[in-house]
Structures are given as structure tokens and as C-alpha cells.
Amino acid sequence: MNDALNITNLTAGYLGRPVIFDLCFTVPQGVICGVIGPNGSGKSTLLKSIMGLIHPMQGTIQVLGHSIDQVRSKIAYVPQRESVDWNFPVSVYDVALMGRYAPDNIFKRLKNSDKEATLKALEKVHLLEYKDKPIGQLSGGQQQRVFIARALAREAELYIMDEPFAGVDSVTESAILKLLKEMKQEKKTVVIVHHDLQTAFDYFDYFVMINRKLIFSGQKKEALQPQYLFETYGGGLPALDRIRTAGNAREEIAKS
Ligand SMILES: Nc1ncnc2c1ncn2[C@@H]1O[C@H](COP(=O)(O)OP(=O)(O)OP(=O)(O)O)[C@@H](O)[C@H]1O
Ligand SMILES: [Mg+2]
């Protein structure tokens with residue numbers, strides 16, 4: 001089986017200036033993968049490169065064994081909330097429905113199955129009753145959920161999400177976590193940018209840690225090692241001790 005992502009020597013950035021350097025890693029299919037790193041470490045840049053929204057300066061990116069353009073209909077993308085123009089006059093339903101359009105066929109005729117998948121996705125994120133509202137009138141957490149619904153409507157193989165947990169309340173957080181569990185059961189791959197270390201080790205089973213360059217990629221068990229957390233976040237991270245303690249506690253529980 002092809003890897004979900006196979007990235008070699010990826011250097012990418014803006015206006016000729018690299019932001020991420022020489023990244024090499026793979027993400028196998030069927031994992032819930034956290035991409036973690038501090039602010040400005042290049043997490044969104046990495047995701048935008050994977051989605052083909054910016055072009056690599058160097059290196060190659062294979063998605064499900066192909067170039068992104070060949071498999072785009074199997075990939076769903078949830079952008080970071082700050083990067084979206086929320087004043088665009090479209091309804092919640094219309095945004096979710098966009099998940100059903102292939103990028104090379106935006107004028108396709110809608111089938112009943114498209115409408116059904118869209119409504120089902122909105123129901124899963126508890127937004128059915130808001131379906132006719134303009135997205136600009138929703139709260140931040142609700143807007144986040146609209147984009148998750150758009151991704152779900154796509155019924156993709158690989159879900160790429162940029163900070164879906166940022167600024168959401170605990171109800172939305174639980175709803176997203178429930179979706180992740182379902183995706184895992186269905187053997188889908190999910191790649192999620194996340195910057196809260198406290199929760200990262202509960203949510204994900206595979207990790208890509210970056211700080212402009214790759215620090216670590218692999219299974220959770222090895223990712224917990226303090227040296228990687230140190231290299232990713234630098235020495236002055238107050239959460240580090242708590243994580244270490246949490247990690248030790250978990251290991252103790254696992255051993256007992
Ligand atoms: N459109 C852009 N044009 C120029 N520079 C950019 C652009 N977007 C991001 N950058 C720069 O690239 C670097 C990495 O940004 P990126 O958004 O990838 O970081 P991030 O890890 O996603 O951060 P955050 O946790 O804040 O979302 C930053 O220094 C940022 O200023
Ligand atoms: Mg970002």
C-alpha cells in the first residue's frame with residue numbers, strides 16, 4: 001500500500017525565501033497524524049505545499065502514491081481559520097457542498113447523493129439547523145465546523161486539517177474527536193496541524209515534529225522523548241515538564 005504522504009527533500013517558502021528546509025518524511029495510511037511545532041515553524045506552509053497551493057522550491061511530494069493533482073478528489077483540506085475570508089456571502093450549506101466538487105469540474109450537475117452527503121456532514125458537526133445562514137454570521141467555532149463539514153462531505157481518503165481545534169469549545173472539541181475516531185475505524189488517514197502539546201499526545205498516534213526543519217517523524221511512543229520536544233520547542237517550554245510527567249505516568253500505567 002502506498003504511503004499517505006511521501007515527502008523528500010522538501011524546501012518551500014514565499015517570494016523565493018525558504019521557510020521549511022529539506023524535509024523528508026512519510027506518513028503511512030490509516031494513522032491520525034499530528035504535525036506539531038511552534039508558531040511560525042512552517043506547519044501551514046507544509047500543508048499548503050502538500051495541497052499544491054504553493055510550489056516547492058526543491059524536493060518532491062507524493063500523496064497516496066501520486067502527485068496531488070492526480071488524487072485531489074480523494075483529499076479533503078481544512079485551512080487555518082484565519083486564512084479564510086468569512087465575509088464572502090455564501091450559506092453554510094453552500095460551503096459544505098463545495099466538498100462535493102472536484103477541482104477540475106466545478107460546474108458538475110449535483111446529484112441527490114451530493115445533497116445527502118452534504119446534509120449528513122452538517123449533521124455530524126451539529127450544524128444542520130444553521131444550514132441556510134450566511135457563514136459570516138456564525139461564531140468562530142461554528143465556522144470551523146462548517147469547514148470540517150466541507151471536508152467530511154468529500155468522503156475522502158486523506159484529510160488534511162490546519163488547527164481544527166483552535167478556538168473551539170469543549171463540545172466542538174469532543175465532536176471533532178468523535179469524528180477522528182470514526183475516521184480511524186474507517187482506515188482513513190488524517191493529518192492535523194496542532195500546537196497544543198498537552199492534548200497532542202492524547203489525540204494522535206503518529207507525529208511529524210517540525211521547526212523549519214524536520215525534528216522527528218514516527219510513532220507516538222518515540223515522539224514522546226524529551227530530546228525531540230526540546231528540539232522542536234526550545235528549552236524554555238514550561239509545558240515540557242508536565243508533558244514529561246504525563247508521559248512517564250502513562251508509561252507507568254502501561255507497564256502496570
Ligand atoms: N503568505 C506568506 N508570505 C510570506 N511569508 C509568509 C506567508 N505565510 C507565512 N509566511 C512566513 O512563513 C513562516 C512560517 O509560517 P507558517 O504559517 O507556515 O507557520 P505555522 O507553523 O503555521 O505558524 P502558526 O502556528 O502561527 O499557524 C513565518 O515566518 C511567516 O511569516
Ligand atoms: Mg499555521
Side-chain angles (χ1 to χ4, degrees), residues 4-5 7-27 32-61 63 68 75-88 140-141 143-148 150-151 158-169 172-173 176 180 189-204 206-218 223 228-240 242-243:
L5 293 176
I7 292 182
T8 39
N9 303 110
L10 173 67
T11 296
Y14 308 89
L15 303 170
R17 280 207 188 152
V19 165
I20 46 177
F21 299 88
D22 206 28
L23 303 189
C24 293
F25 64 88
T26 56
V27 174
I32 309 291
C33 169
V35 176
I36 63 172
N39 290 139
S41 57
K43 304 181 297 295
S44 296
T45 304
L46 171 62
L47 259 50
K48 286 188 248 172
S49 311
I50 294 168
M51 292 308 298
L53 301 173
I54 59 174
H55 293 291
M57 294 168 176
Q58 258 179 37
T60 56
I61 301 173
V63 186
I68 180 74
I75 320 293
Y77 174 52
V78 178
Q80 194 161 1
R81 188 141 55 92
E82 294 90 84
S83 67
V84 176
D85 176 9
W86 295 104
N87 292 316
F88 202 70
Q143 290 172 338
Q144 189 72 286
R145 281 189 271 153
V146 177
F147 270 73
I148 292 171
R150 185 185 73 162
L158 170 62
Y159 293 81
I160 295 189
M161 305 186 183
D162 201 342
E163 307 240 14
F165 293 101
V168 301
D169 62 18
T172 298
E173 185 183 319
I176 301 175
L180 292 184
T189 312
V190 192
V191 175
I192 295 187
V193 167
H194 191 65
H195 70 240
D196 178 26
L197 265 179
Q198 292 283 311
T199 46
F201 289 96
D202 293 327
Y203 294 170
F204 311 121
Y206 197 90
F207 281 86
V208 173
M209 298 161 107
I210 61 168
N211 194 346
R212 306 252 170 167
K213 58 189 179 66
L214 183 79
I215 310 290
F216 172 84
S217 68
Y228 298 131
L229 297 170
F230 237 80
E231 276 183 60
T232 309
Y233 286 92
L237 186 77
L240 205 57
R242 292 205 293 277
I243 293 289

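Read the numbers this way: they start at 1 and go in the same order the structure lists the ligands and their atoms.
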Minimum side-chain heavy-atom gap I50-L10 below 4.5 Å:
no
Listed pairs under 3.5 Å, donor-acceptor, residues 210-218 side chains, sequence neighbours left out:
from, atom 1, to, atom 2, distance (Å)
N211, ND2, T232, O, 2.9
R212, NE, G40, O, 3.3
R212, NH2, G40, O, 3.2

Numbered atoms of ligand 1 (with element) below 4.0 Å of G42, judged on heavy atoms:
14 (C), 18 (O), 19 (O), 20 (P), 21 (O)
Counting N and O atoms only, with roles assigned by atom type, does the side chain of K43 sit under 3.5 Å from a partner on the main chain of P38, one being a donor and the other an acceptor?
yes
What are the atoms of ligand 1, with element, lying closer than 4.0 Å to any heavy atom of T45?
14 (C), 15 (O), 16 (P), 18 (O)
Heavy atom of S41, distance to ligand 1 below 4.0 Å
yes
Of the non-hydrogen atoms in I20 and S41, which two are nearest, and what is the gap between them?
CG2-O, 4.0 Å
Check each atom of ligand 1 against the heavy atoms of E163 and keep those under 4.0 Å away; list them by number with element.
25 (O), 27 (O)
Taking a cutoff of less than 4.0 Å between a non-hydrogen atom of the residue and any ligand atom, is R17 in contact with ligand 1?
no
Below 4.0 angstrom from a heavy atom of P38, which ligand 1 atoms are there? Numbered from 1 as shown, please.
21 (O)
Please report the C-alpha distance between V35 and F25 in whole Å, then the side-chain angles of each, then the deciding distance to 0.1 Å, and finally whether the side-chain contact (heavy atoms from CB on, under 4.5 Å) criterion is met.
CA-CA 12 Å; V35 176; F25 64 88; over 6 Å; no
For atom 13 (C) of ligand 1, which of the options L53, N39, D162, V19 provides the nearest non-hydrogen atom?
V19
Answer whether the closest heavy-atom distance between the side chains of I192 and M161 falls below 4.5 Å.
yes
Calculate, to the nearest 0.5 Å, the distance between atoms CZ and CG belonging to F204 and L180 respectively.
7.0 Å
Checked the Mg ion (ligand 2): protein N, O or S atoms closer than 2.8 Å come out as S44 OG, Q80 OE1
Does ligand 1 have a heavy atom under 4.0 Å from the side chain of Q80, from its backbone, from both, or from neither?
side chain
Looking at side-chain heavy atoms only, is the closest gap between V78 and Q144 below 4.5 Å?
yes
Side chain, backbone, both or neither: the part of H194 lying under 4.0 Å from ligand 1 by heavy atom
neither
Shortest heavy-atom approach to atom 21 (O) of ligand 1 - which of R212, K48, K43:
K43
Side chain to side chain donor-acceptor pair (under 3.5 Å) with E231: which residues, sequence neighbours excluded?
none
Applying side-chain contact (heavy atoms from CB on, under 4.5 Å), can you list everything that pairs with E173, at least two apart in sequence or on another chain?
F165, V168, L177, Y203
Decide whether T199 and D202 meet the rule of one side-chain donor and one side-chain acceptor closer than 3.5 Å.
no
